[in-house]
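A short worksheet on the structure shown next.
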Amino acid sequence: MGKKQGAALGIMVIGIYLIGGMATFGGLALIGFMKGRDLFGWGEGRSIGYLFFCAGLSLSVLAVLLMRIFRNRGRG
């Protein structure tokens, strides 16, 4: 894997990690503050909050796993 490709993948993984973190904490905010309120016609705020929370955690875990894979491939 070339250095430019490795750097691009690293930047992509950091972006996924940041999006996952924002979705996680945004979901927590929706769970806490949007009980019983409609969110832009998408549904109840708490339900969307649980979706964002779970999806954000999944993206964060995926990014950490990808970071470990890319780091170990660069050493070998």
Side-chain angles (χ1 to χ4, degrees):
M1 184 175 348
K3 279 204 177 247
K4 284 189 177 184
Q5 185 181 8
L9 289 173
I11 291 170
M12 181 186 72
V13 169
I14 290 172
I16 292 171
Y17 188 69
L18 290 174
I19 290 169
M22 288 188 294
T24 299
F25 287 105
L28 285 174
L30 288 173
I31 291 168
F33 300 123
M34 294 294 287
K35 182 178 181 181
R37 294 190 203 158
D38 188 48
L39 185 71
F40 307 122
W42 294 351
E44 186 191 7
R46 282 183 83 180
S47 301
I48 304 298
Y50 283 117
L51 174 69
F52 281 6
F53 180 72
C54 293
L57 285 180
S58 299
L59 284 174
S60 295
V61 169
L62 173 70
V64 168
L65 290 174
L66 287 175
M67 279 190 251
R68 290 187 58 90
I69 290 170
F70 294 148
R71 183 174 178 195
N72 287 338
R73 282 191 180 207
R75 291 183 180 195

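Each residue takes its place number in the sequence, starting with 1.
Clustering ILVMFWY residues whenever any of their side-chain heavy atoms sit less than 4.5 angstrom apart, transitively, puts L59 in the very cluster that holds V13. Cluster annotation: F25 is not connected to L30 through the hydrophobic network of ILVMFWY side chains, with a link wherever side-chain heavy atoms come within less than 4.5 Å. Under the 4.5 Å side-chain heavy-atom criterion for Ile, Leu, Val, Met, Phe, Trp and Tyr, V64 and L9 are members of the same hydrophobic cluster. No chain of hydrophobic side-chain contacts below 4.5 Å, direct or via other Ile, Leu, Val, Met, Phe, Trp or Tyr residues, connects I11 to I19.
Atom OG of S47 sits about 11.0 Å away from atom CE of M34, to the nearest 0.5 Å. Put simply, CD1 on I48 and CD1 on I31 are 11.0 Å apart, with the number rounded to the nearest 0.5 Å. Between the CZ atom in F70 and the CG atom in L65 there is a gap of 11.0 Å [rounded to 0.5 Å].
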Dump the intermediate steps for side chain to side chain contact (heavy atoms under 4.5 Å, CB included) on L57 and F53, then the final yes or no.
CA-CA 6 Å; L57 285 180; F53 180 72; 3.6 Å; yes
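Scanning all heavy atoms of the two residues, the minimum distance from G21 to S60 falls at N-OG, 3.7 Å. In plain terms, the two heavy atoms of G56 and A23 that are nearest each other are CA-CB, 3.8 Å. Minimum interatomic distance between E44 and K35 (heavy atoms only, all atoms of both residues): OE2-C, 3.9 Å. Scanning both residues, A63 and I16, for their nearest heavy atoms gives CB-CG2, 4.0 Å.
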